[in-house]
Asks: 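Before we start, here is the structure in question, set down as structure tokens.
Below, each value reflects all heavy atoms present in this structure, side chains not excepted, and no hydrogens, waters or symmetry copies. Every chain is numbered from 1, with letters handed out A, B, ... down the list of sequences.
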There are 2 protein chains.
Amino acid sequence: MTANPASAEELDFLSFVDFAVAKTTRELGAVDPEAMRLVLTLHRLTSALVYDLESAVHRPRGLSWPGFRVLFVLWLAGPLESKRAAQLSGMSRAAVSALVNTLEKGGLVERRQAEHDRRAVLLELTEAGHDTITQDYQAHNEREQAWAESLSHEERTTLIGLLQKLMTGAAASEAKRRF
Amino acid sequence: MTANPASAEELDFLSFVDFAVAKTTRELGAVDPEAMRLVLTLHRLTSALVYDLESAVHRPRGLSWPGFRVLFVLWLAGPLESKRAAQLSGMSRAAVSALVNTLEKGGLVERRQAEHDRRAVLLELTEAGHDTITQDYQAHNEREQAWAESLSHEERTTLIGLLQKLMTGAAASEAKRRF
DNA sequence: AGCCGATAGTCAAAGCTTTGATCAAGGAGG
DNA sequence: CCTCCTTGATCAAAGCTTTGACTATCGGCT
């Protein structure tokens, strides 16, 4: 599939995929090496990407990655009930509640009581929050572009299509999810 | 690119991608919508996948996702120095140290002093740890297969190739990383 | 031999995550 | 009107993460 699996001595985070697939298929009978490689590659690539975006873009600007995600959905779809913000950002309601404490202290988000339902809490960006996320997202997208440049336009289109297909597929639909 | 961006009312975690791309390009000038869609899709798909694997496979068997990752590298490449385990599993040394406390209490991993360097700690699976990870990984791979079935063999090959290209590309190489 | 910068692992503080419990409020049926 | 089930948000406990500090050790250089 790719290069020769390195010996255990000279492995790194990325080349470990080759090593793992080779060794596992040798040791275990019923393993599907292609599915293994797909998931392993997907996970490691995404980890590296998120780590890069968080450490190079968001942390230097004073945002955590989860904080960025919440501001992002409030920016685009806000004001939102706390529950909706959790759905759209892919976090639990409890996580949003805890995170908004931090964002509120930082003056980026405001809590407000909903009118139609006194249990619900409306979340809305402050002016400072709006400024923060627009500037932050500019830098975020520049870094995204740097990553995307490794692929041609056609390759990017193909990749997006395949990811979407996987995302809407059978396993994804029946997956346990909080979303 | 895909379906009509839904109105803010009926969005969910997945369809939010369309909505976000449309709205952001309307509001911000210099954004590359293709790079945006690529990263957003990649991240959301991977989150959903990891959440499914963790909640459907590993938690019911008593492992956390990080715990699984450490056992996995020790299974395939162990025994390993703590530092190597961190590199191969994509965690910080401190995180491995904390995690191994838990795994050691559970009787799955043993700490041992290295002979060649008295600073180094060797991590090794116990017998119970080996049994745990082999059984756990079987179930893990079955679930991976269910996800992979959404794509044809050719599509999977294409997807893996594109992910690898992205992973070894320019931005990835210069990315801030701990790996 | 002795010094000194580099390295391995751990600890500490702060933040985010999870699940499950709790409490307040909504809403349907009697 | 009242009961009962459901739902929204928060809290609590436990675990994992990060960065930065600290200790012990290594190893090259004088």
Asks: Between C1' on D/dG15 and CG on B/Asn101, what's the gap in Å once rounded to a whole number?
Replies: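 From B/Asn101 CG to D/dG15 C1': 12 Å.
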
Asks: Just wondering, do A/Gln164 and B/Thr41 contact through their side chains at under 4.5 Å, heavy atoms?
Replies: yes

Asks: Has A/Ser97 got a side-chain N or O lying under 4.0 Å from the OP1 or OP2 atom of D/dA9?
Replies: no

Asks: Measure from the side-chain heavy atoms of A/Ala95 and tell me the nearest of C/dG26, C/dC16, C/dT18.
Replies: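 Nearest listed nucleotide: C/dT18.
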
Asks: Nearest of C/dG9, D/dT19, C/dA25 to any side-chain atom of A/Arg118?
Replies: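 For A/Arg118, the side-chain atoms sit closest to C/dA25.
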
Asks: Look at the rings of A/Trp75 and A/Tyr137 and say which category their plane angle falls in: under 30° parallel, 30 to 60° tilted, over 60° perpendicular.
Replies: tilted

Asks: Find the distance B/Trp65:CH2 to D/dC16:P and express it as a whole number of Å.
Replies: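 Nearest whole value for this atom pair: 15 Å.
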
Asks: For the residue pair A/His58 and A/His140, does the interplanar ring angle fall in the parallel (under 30°), tilted (30 to 60°) or perpendicular (over 60°) class?
Replies: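 Tilted: the ring planes of A/His58 and A/His140 meet at 30° to 60°.
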
Asks: Here's a test of your reading of the structure: between A/Val96 and B/Val121, which maps to the more 5' nucleotide of DNA chain C?
Replies: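 Nearer the 5' end of the strand: B/Val121.
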
Asks: Looking only at the side chain of B/Ser92 (C-beta and beyond, no hydrogens), which of the listed nucleotides D/dT18, D/dT10, D/dT17 gets closest?
Replies: D/dT18

Asks: For residues A/Val109 and A/Leu122: do they belong to one hydrophobic cluster (side chain heavy atoms under 4.5 Å, members Ile, Leu, Val, Met, Phe, Trp, Tyr)?
Replies: no

Asks: Give each protein N/O atom lying under 3.5 Å from an N/O atom of nucleotides 2-7 of chain D, with the pair distance.
Replies:
{"unit_1": "D/dT7", "atom_1": "O2", "unit_2": "A/Arg119", "atom_2": "NH1", "d": "2.3"}

Asks: Closest to the A/Leu99 side chain: D/dT19, D/dT17, C/dC16?
Replies: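 Looking only at heavy atoms from C-beta outward on A/Leu99, the closest nucleotide is C/dC16.
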
Asks: In terms of side-chain heavy atoms of B/Ala94, which of D/dT18, D/dA9, C/dT18 is nearest?
Replies: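 Minimum distance to the B/Ala94 side chain belongs to D/dT18.
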
Asks: Would you mind reading off the distance between A/Gln113 atom CD and D/dT10 atom P, rounded to a whole angstrom?
Replies: 11 Å

Asks: Write down the distance between CZ (A/Arg111) and C1' (D/dG8), rounded to a whole number of angstrom.
Replies: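 Atom-to-atom, A/Arg111 to D/dG8, this comes out as 13 Å.
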
Asks: Would you check if there is a donor-acceptor pair between the side chains of A/Asn101 and A/Glu104 at a distance under 3.5 Å?
Replies: no

Asks: When you measure from the side chain of B/Asp117, which nucleotide among C/dC16, D/dA9, D/dC26 comes out closest?
Replies: D/dC26

Asks: Of the nucleotides C/dT17, D/dT19, D/dC16, which has the atom closest to the B/Pro66 side chain?
Replies: D/dC16

Asks: What nucleotide among C/dC16, D/dT17, D/dT10 has an atom nearest to a side-chain atom of A/Thr102?
Replies: C/dC16

Asks: Starting from C1' on D/dG20, measure out to CZ on A/Arg59 and report it in whole angstrom.
Replies: 14 Å

